[in-house]
Colleague: 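Pasting a structure here, questions to come.
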There are 2 protein chains.
Amino acid sequence: MATARLRDVAERAGVSIRTVSNVVNGYAQVSEETRRRVEKAVAELGYRPNLLARNLKRGRTGLLALVVPELDVPYFSELARAVIAEARTYGYTVVIDQTDGEPDRERELIMRGASAALFDGVILSPLSLSQADLARRDGSDPLVLLGERIAESPYDHVAIDNVAAAYTATEHLLDLGRTRIAAVGDQPYDTGETAQLRTRGYRDAHAARGLAVDESLVVATPRFHRSDGAAAMAALLDRPDGPPDAVFCYNDLLALGAIRTLLTRGLRIPEDVAVVGFDDIEAGRYNTPTLTTISPDKAAIARLAVQRITGRLGDGPQQPPVELWAPHRLEIRESTAGS
Amino acid sequence: MATARLRDVAERAGVSIRTVSNVVNGYAQVSEETRRRVEKAVAELGYRPNLLARNLKRGRTGLLALVVPELDVPYFSELARAVIAEARTYGYTVVIDQTDGEPDRERELIMRGASAALFDGVILSPLSLSQADLARRDGSDPLVLLGERIAESPYDHVAIDNVAAAYTATEHLLDLGRTRIAAVGDQPYDTGETAQLRTRGYRDAHAARGLAVDESLVVATPRFHRSDGAAAMAALLDRPDGPPDAVFCYNDLLALGAIRTLLTRGLRIPEDVAVVGFDDIEAGRYNTPTLTTISPDKAAIARLAVQRITGRLGDGPQQPPVELWAPHRLEIRESTAGS
DNA sequence: GGAGCTTATTGCAACGATGCAGGTTCCCGG
DNA sequence: CCGGGAACCTGCATCGTTGCAATAAGCTCC
């Protein structure tokens with residue numbers, strides 16, 4: 001009894017396939033008697049509709065895909081939670097896939113997902129996807145890009161204002177009287193625009209006060225994990241001209257790694273070095289010291305993304321792609337404010 | 001041009017539908033000339049196969065579902081990474097769903113996923129699923145249960161030996177000369193068998209040395225988050241008979257929360273209180289102090305689970321459900337060993 | 001020049017479900 | 001006793017794809 005089909009149920013209940021379908025879906029009028037017979041047969045055979053077939057016929061699946069680079073980066077798993085919750089209010093189920101930032105996987109998932117009918121829509125947080133990868137697409141698929149922006153893409157884009165956020169973070173450190181503020185997490189030009197926007201905010205905040213940026217304090221990291229932050233911090237501490245008195249990390253994991261290095265080396269936070277992160281992940285709220293950070297409104301990001309997707313699902317006229325900004329705020333905690 | 005179909009491509013290329021299908025799938029022999037024409041049409045129309053239809057016909061989807069309670073619990077996201085990697089070696093793509101431990105969602109996903117043909121198989125890490133929920137199923141679906149065991153289930157089960165692991169952790173603390181060891185994370189009988197297995201290991205380790213367990217040191221927590229650990233630790237510290245000298249937490253998040261409370265209260269780790277966690281999540285390796293923990297072999301868990309799933313996918317005779325144990329080891333770090 | 005192959009291409013049916021339109025049966029009022 | 005309308009049930013076509021088996025065309029070889 002591999003899998004019972006509508007036909008098997010119909011046979012057993014002595015009615016037509018169509019009637020079984022009606023019962024299962026609650027369509028039309030069905031006599032009490034017939035309904036009972038069908039339901040009995042359904043139960044006995046353990047029938048469950050084949051969603052592939054149903055969706056093929058109906059033209060929709062009720063599934064949204066959320067594609068992120070790394071699930072075990074807390075920012076993405078927390079974002080995933082928000083997206084799942086938001087999608088559920090629209091009756092959608094979210095399935096998640098992880099690309100590890102591999103361009104092939106990201107590309108493949110766009111192809112498969114966006115228009116291969118397995119998913120009704122795709123929310124993609126790209127890491128390595130290039131403009132060329134999207135250029136061929138005409139934007140008619142229900143696809144929303146999160147975070148990393150891709151120039152000239154024909155798709156909606158949801159993010160926070162990275163320049164303003166980085167500006168605020170840097171300003172906060174400047175307000176504390178710090179003068180040698182390191183920026184950790186820069187990326188080379190073609191790798192990530194987001195990191196560069198944050199560097200721009202960092203520079204702008206300095207410029208607004210007429211301060212020059214010590215270029216050697218702007219350090220790039222290969223990735224955005226704790227180990228990268230720990231390594232970058234170690235390198236900063238080993239510099240001949242002494243440690244910085246503050247660090248702005250481009251995400252919380254970098255910041256937590258940096259904090260670990262600082263504490264290991266016997267430095268005090270924030271007295272010796274103040275630390276600001278980015279993302280407001282839960283780990284930062286329970287770290288010792290707790291982490292000051294830029295808190296992007298993940299619920300808002302999820303809401304905007306899901307709304308755009310569902311908005312595009314209707315048959316209405318295609319709207320031009322839009323750029324949406326979710327709010328953010330600075331969350332001040334022990335790593336800059338003392339305990 | 002909503003979505004181009006095989007037929008549209010065929011029309012444009014001036015060949016039959018079947019030939020286009022052959023080209024797309026690389027089947028059979030196709031003349032160079034024809035192939036070129038078809039590929040040109042495919043590109044021009046932006047054709048991509050409708051996976052629903054293809055899968056309906058082929059009878060498989062190449063998708064495995066991994067269903068976990070909470071993705072932003074690092075253990076699960078790290079496990080997800082392992083499962084994704086393992087599944088990929090078999091040519092499967094993994095999609096992930098999060099249930100929040102809601103029985104309805106877990107149930108629904110078993111139904112939908114396991115035998116509704118959307119997924120070829122399901123790897124489920126249940127939280128609140130009861131025996132009754134599975135009782136009706138005959139076990140013929142390719143479903144593997146992780147972690148929490150469900151009595152009498154007709155499905156394969158993969159986990160580590162929780163009793164032995166908890167025994168080892170407790171023994172480690174006893175070896176350090178600790179005498180008042182708290183256990184944080186117990187669960188009432190009907191909620192989680194895993195927690196009870198760990199409590200059993202904790203008790204057994206005491207019993208093996210002829211020590212009595214102070215029942216008031218075994219504390220339950222509503223969930224397994226940092227905040228639960230922080231609260232439980234605070235309660236332990238406020239007891240009239242003074243703080244314990246060691247804590248065994250049933251997962252790393254609880255431990256990290258407990259550590260936060262201890263540090264806030266001015267206690268030293270491990271001098272005043274030694275802490276052991278469970279799961280070996282990345283956050284514990286970068287915490288200050290770094291966290292001693294039981295490290296389950298997540299890669300092994302993933303491997304066993306995926307192997308069982310793929311093993312059941314063949315047409316071979318159904319094998320009886322098995323109980324598989326993945327290895328684990330104690331990872332000693334600063335929270336018990338000093339720095 | 002035709003048997004016998006290989007190569008290239010195709011039509012038909014089917015996967016399992018639903019949309020649509022139609023067909024019975026039954027009951028009612030006139 | 002018949003026309004008209006609910007109420008209930010059904011058959012057919014179809015969603016987009018692939019498996020199967022057959023056809024058509026080209027080539028070799030005696």
Side-chain angles (χ1 to χ4, degrees), chain A residues 1-39 41-42 45-63 111-120 315, chain B residues 1-39 41-42 45-63 111-112 115-120 315:
Chain A
M1 68 145 266
T3 314
R5 294 157 307 163
L6 222 36
R7 169 165 26 180
D8 303 318
V9 178
E11 230 162 70
R12 181 171 194 117
V15 296
S16 77
I17 292 183
R18 197 57 254 246
T19 297
V20 178
S21 171
N22 284 336
V23 170
V24 170
N25 291 286
Y27 287 174
Q29 306 281 22
V30 181
S31 74
E32 201 46 46
E33 155 68 8
T34 307
R35 152 163 291 113
R36 229 190 310 274
R37 274 227 311 287
V38 170
E39 278 168 355
V42 164
L45 293 173
Y47 167 79
R48 268 145 304 156
N50 179 315
L51 295 186
L52 243 35
R54 170 181 288 178
N55 293 336
L56 173 60
K57 187 66 178 127
R58 287 194 179 157
R60 62 182 292 280
T61 66
L63 294 179
M111 298 313 208
R112 281 195 117 187
S115 41
L118 255 194
F119 308 117
D120 291 340
D315 300 315
Chain B
M1 66 147 267
T3 315
R5 294 156 307 164
L6 223 34
R7 167 161 34 175
D8 303 318
V9 178
E11 230 162 71
R12 181 170 194 116
V15 296
S16 77
I17 293 182
R18 197 56 251 247
T19 297
V20 178
S21 171
N22 283 336
V23 170
V24 170
N25 290 288
Y27 286 175
Q29 305 283 20
V30 181
S31 74
E32 201 46 45
E33 155 67 6
T34 306
R35 152 164 289 112
R36 228 191 307 276
R37 276 226 311 288
V38 170
E39 278 168 355
V42 164
L45 294 173
Y47 168 80
R48 268 145 304 156
N50 179 316
L51 294 186
L52 283 182
R54 169 180 292 179
N55 293 337
L56 173 59
K57 188 65 179 132
R58 287 190 179 163
R60 62 182 294 277
T61 67
L63 294 179
M111 298 312 208
R112 279 194 117 189
S115 41
L118 255 193
F119 308 117
D120 290 342
D315 300 315

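Below, read A as the first sequence line, B as the second, and so on, with proteins coming before strands; counting in each chain starts at 1.
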Colleague: Rounded to the nearest Å, what distance is computed from the CZ atom of residue R37(B) to the C1' atom of nucleotide dT9(C)?
Modeller: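 Going from R37(B) (CZ) to dT9(C) (C1'), I get 12 Å.
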Colleague: Roughly how many Å is it from CG in N55(B) to C1' in dA14(C), rounded to a whole number?
Modeller: 16 Å
Colleague: Check this one for me: any side-chain N or O of S31(A) less than 4.0 Å away from OP1 or OP2 of dA7(D)?
Modeller: no
Colleague: Could you list all N or O pairs between the protein and nucleotides 17-21 of chain C that sit under 3.5 Å apart?
Modeller:
unit_1	atom_1	unit_2	atom_2	d
dA17(C)	OP1	Y47(A)	OH	2.8
dA17(C)	OP1	N50(A)	N	3.3
dA17(C)	OP2	L6(A)	N	2.5
dT18(C)	OP1	N25(A)	OD1	3.3
dT18(C)	OP1	N25(A)	ND2	2.9
dT18(C)	OP1	R54(A)	NE	3.1
dT18(C)	OP1	R54(A)	NH2	3.3
dT18(C)	OP2	S21(A)	OG	2.6
dT18(C)	OP2	N25(A)	ND2	3.4
dG19(C)	N7	R18(A)	NH1	2.4
dC20(C)	N4	R18(A)	NH1	3.0

Colleague: Note down the inter-axis angle between the two ends of the helix from dG1(C)-dC30(D) to dG30(C)-dC1(D), five pairs each, to the nearest 10°.
Modeller: 50°
Colleague: How would you list, by chain and number, every residue that makes a salt bridge (Lys or Arg N to Asp or Glu O under 4.0 Å) with R35(B), sequence neighbours excluded?
Modeller: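 With neighbours one apart ignored, the set is E39(B).
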Colleague: Name the pairs: protein N/O against N/O of nucleotides 23-28 of chain D, kept only if under 3.5 Å.
Modeller:
none

Colleague: Which residue pairs satisfy the salt bridge (Lys or Arg N to Asp or Glu O under 4.0 Å) criterion with at least one member in residues 6-23 of chain B, sequence neighbours excluded?
Modeller: R5(B)-D8(B), R12(B)-E44(B)
Colleague: Can you see which heavy atom on L56(A) is nearest to which on L52(B), and at what distance?
Modeller: N-CD1, 3.9 Å
Colleague: In whole angstrom, give the distance that lies between atom CG of L51(B) and atom C1' of dT17(D).
Modeller: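 Roughly 10 Å, once rounded to whole Å.
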Colleague: Say you draw a straight line from CG of N50(A) to CG of N55(B); how long is it, rounded to the nearest 0.5 Å?
Modeller: 10.0 Å
Colleague: Which heavy atom of T34(A) sits nearest a heavy atom of S31(A), and at what distance?
Modeller: OG1-OG, 2.7 Å
Colleague: For a quick test of reading the model, state the closest non-hydrogen atom pair linking L6(A) to S21(A) and the distance between them.
Modeller: CD2-CB, 4.0 Å
Colleague: Mind checking the CG-CG spacing from L51(B) to L63(B)? Nearest 0.5 Å is all I need.
Modeller: 8.0 Å
Colleague: Checking the side chain of R48(A) only, and the main-chain atoms of G46(A) only, is there a donor and an acceptor separated by less than 3.5 Å?
Modeller: yes
Colleague: Nearest whole Å is fine: how far is dC8(D) P from E32(A) CD?
Modeller: 10 Å
Colleague: Between dC8(D) and T34(A), is there an OP1 or OP2 to side-chain N/O distance shorter than 4.0 Å?
Modeller: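 Answer no for this pair, as no side-chain N or O of T34(A) is under 4.0 Å from OP1 or OP2.
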Colleague: Holding to side-chain hydrogen bond (donor to acceptor under 3.5 Å, both in side chains), I want the full list of residues that pass it with E33(B), two or more places apart in sequence or in another chain.
Modeller: R37(B)
Colleague: Give one of base, sugar-phosphate or nothing for T19(A), where a contact means two heavy atoms less than 4.0 Å apart.
Modeller: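 Base contact.
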Colleague: Report the residues that fulfil side chain to side chain contact (heavy atoms under 4.5 Å, CB included) with V24(A), sequence neighbours left out, ordered by chain and then residue number.
Modeller: V20(A), Y47(A), R54(A)
